[in-house]
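One structure below.
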Amino acid sequence: MAGQTALTGRQRRSLSDDGYLLVPSVLAAGTVDSLADRLGQLVRTMVDEWDATPDVKWEEAGVVRLRLDLADPAFAELVRHPVLFSAAETVIGPGCQVDGLSLRAPIPGSGHQGLHRDFYPGHRTSGPWQVLAAMWCITPFTPDNGPLRVIPGSHRSSRDPNDDMKWIGMGPHPDEVKLIAPAGWLILFNSASLWHSGTLNYSPEPRLAVTAYLSTPKPPGERGPG
């Protein structure tokens, strides 16, 4: 298992204060290559399905979104890596579990979203987080291929992202940060409360990311995000 297995004190403070954190070099190169091959095949299959059914409307145009099987051995490190639980204990508390795993892959020319919170309304601005999102960079996140953008510290605000923007969250925000990272890095963030969004993929290839969602155990039958 590559990379660190627990957050440092400085990383814990940064995650809590900013609402997000980049953790470097968590996945080994061989693991990243295997995942990129597997997920790339899934993306190609889905795009072929789009071409074969042009009248079907998909959840997000030009973006492959798939719920992945938590029990699939190919994804074991993405849901069991100890750094996930170190981070979750910091911002949520002990006893957290992964209750969702999903692929989001914008193809070239797609992927831009308006800034949003996943739990708006109903998000928290203080206390334990409702959800920790752990986004694995399976391909590099570059300035041009649709990286995640966030507004640091916005998880503590009760305001809507659109309050500060003329064009309903779609354009650039004065405080936004695009998260640029090599393949194998991990992005931790408060998806429930932090203003965030995908951005447009200008590159010639799909941008691959898998996100695990951690929270306290849910009642039987209730599904997690993703």
Side-chain angles (χ1 to χ4, degrees), residues 32-76 78-79 98-123 130-131 133-150 160-162 165 167-172 176 178-179 183 187 189 191-192 194-215 218 221-226:
V32 171
D33 290 344
S34 295
L35 286 166
D37 287 344
R38 169 79 179 274
L39 297 171
Q41 291 172 8
L42 290 176
V43 170
R44 284 190 289 272
T45 298
M46 183 60 70
V47 172
D48 289 343
E49 185 176 339
W50 292 348
D51 291 341
T53 55
D55 295 333
V56 175
K57 292 186 177 181
W58 302 92
E59 180 179 358
E60 187 179 359
V63 178
V64 174
R65 300 181 63 132
L66 295 171
R67 182 180 289 268
L68 303 176
D69 185 357
L70 294 172
D72 190 322
F75 306 134
L78 306 185
V79 299
V98 176
D99 55 14
L101 187 71
S102 62
L103 166 70
R104 183 177 184 273
I107 65 173
S110 303
H112 190 73
Q113 298 173 313
L115 287 164
H116 63 278
R117 297 181 171 104
D118 287 355
F119 284 20
Y120 185 85
H123 67 285
Q130 292 151 293
V131 174
M135 181 177 288
W136 297 98
C137 302
I138 307 303
T139 51
F141 277 37
T142 72
D144 298 326
N145 75 348
L148 183 71
R149 61 170 173 162
V150 301
D160 185 288
N162 297 323
M165 304 184 71
W167 295 108
I168 316 300
M170 295 300 290
E176 75 178 41
K178 288 186 177 180
L179 302 184
I187 300 170
F189 67 105
S191 61
L194 188 75
W195 299 0
H196 67 281
S197 83
T199 58
L200 189 66
N201 182 1
Y202 285 100
S203 80
E205 298 291 338
R207 193 271 293 145
L208 305 177
V210 173
T211 303
Y213 297 91
L214 292 93
S215 63
K218 291 180 170 54
E222 182 177 340
R223 300 181 73 182

Just verifying a value: how many Å separate S197 OG and L115 CG, rounded to the nearest 0.5 Å? 4.5 Å
Could you tell me if T139 and N145 have a donor-acceptor pair between their side chains, going purely by distance under 3.5 Å? no
Check: P206 and V64 side chains under 4.5 Å, non-hydrogen atoms: no
Among residues at least two apart in sequence or on other chains, which ones pass side-chain contact (heavy atoms from CB on, under 4.5 Å) with L70? V79, V98, L101
Please answer whether the main-chain N or O of G198 pairs with a side-chain N or O of Q113 as donor and acceptor at a distance below 3.5 Å. yes
F189 meets the ring pair (Phe, Tyr, Trp, His ring centres under 6.0 Å) criterion, sequence neighbours left out, with H196
Once you round to the nearest 0.5 Å, how far does CE of M135 lie from CZ of F141? 5.5 Å
Within the 4.5 Å heavy-atom criterion, are L35 and L78 side-chain neighbours or not? yes
side-chain contact (heavy atoms from CB on, under 4.5 Å) with D37: which residues, sequence neighbours excluded? none
Let's go through N201 and S203 carefully: what are the C-alpha distance in whole Å and the side-chain angles of both, what is the deciding distance for side chain to side chain donor-acceptor pair (under 3.5 Å) to 0.1 Å, and is it a yes or a no? CA-CA 6 Å; N201 182 1; S203 80; 2.7 Å; yes
Determine whether R117 and W195 satisfy the following criterion, side-chain contact (heavy atoms from CB on, under 4.5 Å), listing intermediate values before the conclusion. CA-CA 5 Å; R117 297 181 171 104; W195 299 0; 2.6 Å; yes
Calculate, to the nearest 0.5 Å, the distance between atoms CH2 and CD1 belonging to W136 and I187 respectively. 11.5 Å
What heavy-atom pair brings L208 and G40 nearest, and what distance separates the two atoms? CD1-N, 4.2 Å
Would you give the length of the straight line joining atom CG of L103 to atom OG1 of T211, rounded to the nearest 0.5 angstrom? 8.5 Å
Got L214 and D99 here, is their nearest side-chain heavy-atom distance under 4.5 Å? no
Gap separating the OG atom of S110 from the CZ atom of R207, nearest 0.5 angstrom: 12.0 Å
Reported CG-to-CG distance for the pair L66 and L39, which is rounded to 0.5 angstrom: 9.0 Å
So salt bridge (Lys or Arg N to Asp or Glu O under 4.0 Å) across residues 54-64, not counting sequence neighbours, yields E59-R65, E60-R65, E60-R104
Tell me the closest heavy-atom pair linking H123 and A192, and the distance in Å. CB-O, 3.5 Å
What closest approach, in Å, do V43 and A105 show between heavy atoms, and which atom pair accounts for it? CG2-CB, 3.8 Å
D72 meets the salt bridge (Lys or Arg N to Asp or Glu O under 4.0 Å) criterion, sequence neighbours left out, with R38
Measure from the side-chain N and O atoms of T199 to the backbone N and O of P147, and report whether any donor-acceptor pair falls under 3.5 Å. yes
Please tabulate, for the side chains in residues 44-53, all donor-acceptor contacts under 3.5 angstrom to protein atoms that are two or more places apart in sequence or on a different chain.
{"from": "T45", "atom 1": "OG1", "to": "Q41", "atom 2": "O", "distance (Å)": "3.0"}
{"from": "T53", "atom 1": "OG1", "to": "E49", "atom 2": "O", "distance (Å)": "2.7"}

Step by step, would you call V131 with D118 a side-chain contact (heavy atoms from CB on, under 4.5 Å)? CA-CA 10 Å; V131 174; D118 287 355; over 6 Å; no
Residue pair Y213, S102: steps toward the side-chain contact (heavy atoms from CB on, under 4.5 Å) verdict: CA-CA 9 Å; Y213 297 91; S102 62; 3.6 Å; yes
